[in-house]
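None of these values were measured; they are calculated from a predicted model. Lettering of chains follows the sequences in order, A, B, ..., and the numbering in each one begins at 1. Values below: all heavy atoms of this structure, side chains included; hydrogens, waters and symmetry mates excluded.
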Protein chains: 2
Amino acid sequence: MPSPQKTNPPKKRSAIPRKKGPHKKLTREKILEAATKVFAEYPYHSASIRMIGKAAGIEHPLINYYFPTKALLFEEVLKISTEKYYIANISWFEGLTKFDPEKGLALYIDRFLDFALKHPKVQRIITLNLVPAEQSNIIPGYQLIQNFFEKTTRTFTQAVPLKGSKHEIVMLITSFNTLAVNYLGARTYYAGILGMEPGSHQYMEWVKDSLIYMILPRLKQLLGETDR
Amino acid sequence: MPSPQKTNPPKKRSAIPRKKGPHKKLTREKILEAATKVFAEYPYHSASIRMIGKAAGIEHPLINYYFPTKALLFEEVLKISTEKYYIANISWFEGLTKFDPEKGLALYIDRFLDFALKHPKVQRIITLNLVPAEQSNIIPGYQLIQNFFEKTTRTFTQAVPLKGSKHEIVMLITSFNTLAVNYLGARTYYAGILGMEPGSHQYMEWVKDSLIYMILPRLKQLLGETDR
DNA sequence: GTTATTTTTTACCGATCGTTAAAAATCTTA
DNA sequence: TAAGATTTTTAACGATCGGTAAAAAATAAC
């Protein structure tokens with residue numbers, strides 16, 4: 001990365017073009033959309049600026065005009081994705097305390113899976129780049145992923161009144177996140193060993209079953225069932 | 001991949017060189033060792049033949065002399081790694097039935113973590129390439145990873161007499177594998193969000209605690225405790 | 001010790017990568 | 001419509017990639 005900076009920032013024409021026509025999407029947004037698509041298919045180091053350019057229907061150097069480096073573009077995509085996820089995650093807890101642990105967990109997972117179906121790219125970008133971000137092979141902005149998980153953990157502890165130790169709560173949430181991120185971000189793999197289709201309703205049901213099966217016992221306990 | 005084949009296979013001198021000296025390592029083994037190291041640091045598409053050559057202390061085209069393509073070299077490394085893991089995994093079950101579920105699980109995890117500490121590369125190669133092997137971005141020999149997990153599942157069901165349905169058993173084993181693979185293969189990430197050092201005893205203790213915490217309730221149940 | 005064979009190195013191919021610079025096209029403003 | 005600013009394309013740079021071919025070195029066979 002030898003370049004400091006090249007020209008002044010984009011500075012869109014004059015404020016806003018605003019045509020009455022079918023709201024022609026701004027180039028910057030078009031690039032972000034294409035980048036999200038490509039980064040959801042290929043890990044950071046395998047995705048290329050040229051792929052993104054092609055997906056956006058533009059020549060690839062134009063990307064450098066709006067995003068000086070590939071790393072900055074990726075960070076922007078990651079920031080948008082984790083924020084979208086974070087906001088959605090908060091809403092999944094709404095009204096959950098009215099139900100018993102089993103019903104509440106099932107409802108939470110339903111909402112979560114619904115989001116995952118509608119926004120598969122968000123999930124996959126995180127899954128794809130979480131593991132390789134180790135050692136020598138640094139993924140730009142992977143701190144964002146760590147921050148994201150810390151924030152969702154906070155959301156959880158604030159939304160659900162648990163009685164166990166901090167240690168127990170962290171183990172439970174980390175397990176849930178790990179299982180969820182893998183089952184949804186590596187669908188092809190898991191569906192493969194299960195003999196199912198990655199996009200099938202059957203597989204999503206398996207994910208739901210599995211999450212409930214593994215999480216429910218300890219969740220019940222942490223919610224204060226004293227019958228242990 | 002345009003090349004069909006170049007020359008006849010290696011065909012080591014005449015059978016075996018066998019010097020009485022300090023057992024000079026054969027080049028092929030040196031390459032495999034270096035490849036294992038590099039593939040444990042970088043996912044398949046980011047690792048390069050040149051990196052492996054450098055790690056082995058040879059010029060990179062020599063690698064093509066022993067392994068015609070990068071894909072074949074990777075498959076060989078993957079095959080050796082999963083086999084080593086598979087063999088070790090069988091031994092972890094020895095004598096476990098003498099103990100109650102809690103002690104037995106703890107002992108199994110101890111043996112497993114001991115292996116993971118001694119052979120971190122094996123674990124990491126699997127973790128690094130499991131997720132990206134989706135969609136367009138094919139990892140050569142990733143069928144080996146699927147087969148490996150199917151085999152370990154068989155080992156488990158044969159070694160441990162469980163009473164639940166097949167569905168329950170699959171969910172439990174898949175969860176265990178997923179958590180273990182992630183916690184050990186993505187140590188830096190998890191240790192990071194936990195505020196620990198990836199190589200520390202403290203982190204390994206957390207992994208053990210977490211696995212027991214999440215697995216034990218359902219394991220107890222499947223082992224036939226009727227007090228549920 | 002000479003020849004034949006195997007192993008290793010050197011040099012290079014075409015392809016792709018991220019990025020840069022300059023030309024061309026488009027839009028804004030007058 | 002002319003001048004100026006902004007956006008987009010074209011062309012190219014240096015670096016790296018997997019792989020190939022031929023020369024060089026090392027070893028084996030005789």
Side-chain angles (χ1 to χ4, degrees), chain A residues 1-19 21 24-31 34-35 38-39 42-54 56-75 136-140, chain B residues 1-19 21 24-31 34-35 38-39 42-54 56-75 136-140:
Chain A
M1 304 102 196
S3 75
Q5 60 208 70
K6 35 181 294 162
T7 22
N8 295 351
K11 238 193 284 177
K12 283 259 160 294
R13 321 242 167 131
S14 66
I16 309 146
R18 291 281 177 235
K19 299 186 177 178
K24 189 189 165 198
K25 220 175 298 179
L26 297 174
T27 305
R28 202 187 123 97
E29 288 176 33
K30 218 161 57 182
I31 292 171
V38 172
F39 283 131
Y42 301 87
Y44 176 73
H45 286 102
S46 295
S48 83
I49 291 290
R50 282 172 172 85
M51 288 178 196
I52 296 169
K54 190 167 284 183
I58 55 166
E59 300 301 321
H60 75 271
L62 185 55
I63 295 169
N64 287 81
Y65 180 72
Y66 290 94
F67 303 91
T69 66
K70 179 186 174 186
L72 283 172
L73 171 58
F74 181 74
E75 279 189 72
S136 35
N137 216 12
I138 293 157
I139 303 287
Chain B
M1 302 101 194
S3 74
Q5 59 208 69
K6 37 181 294 159
T7 22
N8 296 352
K11 237 193 286 178
K12 282 260 160 294
R13 324 251 163 121
S14 65
I16 309 146
R18 291 283 178 231
K19 299 185 177 181
K24 189 188 163 199
K25 219 176 298 178
L26 297 174
T27 305
R28 202 187 123 96
E29 288 176 34
K30 217 161 59 182
I31 292 171
V38 172
F39 282 131
Y42 300 87
Y44 175 74
H45 285 102
S46 296
S48 82
I49 291 291
R50 282 171 172 84
M51 288 179 197
I52 296 168
K54 191 168 282 183
I58 55 166
E59 300 302 319
H60 77 268
L62 185 54
I63 295 170
N64 287 82
Y65 180 72
Y66 289 94
F67 302 91
T69 66
K70 179 186 172 185
L72 284 172
L73 171 59
F74 182 73
E75 279 190 72
S136 34
N137 218 11
I138 294 155
I139 303 287

Between Arg50(A) and Ile58(A), the residue closer to the 5' end of DNA chain D by nearest nucleotide is Ile58(A)
Here the distance between atom C1' of dT16(D) and atom NZ of Lys54(B), to the nearest Å, is 12 Å
To the nearest angstrom, the CG-P distance between Leu73(A) and dC17(C) comes to 15 Å
His60(A) (side chain) and dT10(D) (base): donor-acceptor pair under 3.5 Å:
no
The nucleotide from dT8(D), dA11(C), dT10(D) with an atom nearest the side chain of Pro61(B) is dA11(C)
Problem set entry | Lys NZ or Arg CZ of Lys30(B) over Tyr66(B) ring: under 6.0 Å, within 45° | no
Rounded to whole Å, the CZ-P distance (Phe74(A) to dG18(C)) equals 13 Å
Thr27(B) side-chain N/O to dT7(C) phosphate OP1/OP2 under 4.0 Å: no
Closest of dA21(C), dT8(D), dC17(C) to the Ser48(A) side chain is dC17(C)
### N/O (side chain, Tyr66(A)) to phosphate O (OP1/OP2, dT8(D)) under 4.0 Å
yes
Taking any heavy-atom pair under 4.0 Å as a contact, classify Ile49(B): base, sugar-phosphate, or nothing. sugar-phosphate
note: Leu62(A), atom CG; dA21(C), atom P; distance rounded to Å ~ 17 Å
Between CE of Met51(B) and C1' of dG18(D) the distance, given in whole Å, is 13 Å
From OH of Tyr65(A) across to C1' of dT26(C) the rounded distance in Å is 12 Å
key: Verdict with reasoning, Leu73(A) to Ile52(A), per side-chain contact (heavy atoms from CB on, under 4.5 Å)   = CA-CA 11 Å; Leu73(A) 171 58; Ile52(A) 296 169; 4.0 Å; yes
OP1 or OP2 of dG18(C) under 4.0 Å from side-chain N/O of Thr69(A): no
Per nearest nucleotide of DNA chain C, the residue lying toward the 5' end, Glu59(B) or Lys70(A), is Glu59(B)
- Run the side-chain contact (heavy atoms from CB on, under 4.5 Å) check on Tyr65(A) and Thr27(A) step by step: do they pass? CA-CA 10 Å; Tyr65(A) 180 72; Thr27(A) 305; over 6 Å; no
Indicate yes or no for a side-chain donor-acceptor contact from Lys54(B) to the backbone of Ile49(B) under 3.5 Å, with no hydrogens or angles considered.
no
Whole-Å distance, Lys30(A) NZ to dT7(D) C1', equals 12 Å
Check: Do His45(A) and Tyr42(B) have side chains that get closer than 4.5 Å, going by heavy atoms?
Finding: no
Base, sugar-phosphate, or nothing for Ala47(B), non-hydrogen atoms under 4.0 angstrom?
-> sugar-phosphate
Between CG of Asn64(A) and P of dC17(C) the distance, given in whole Å, is 13 Å
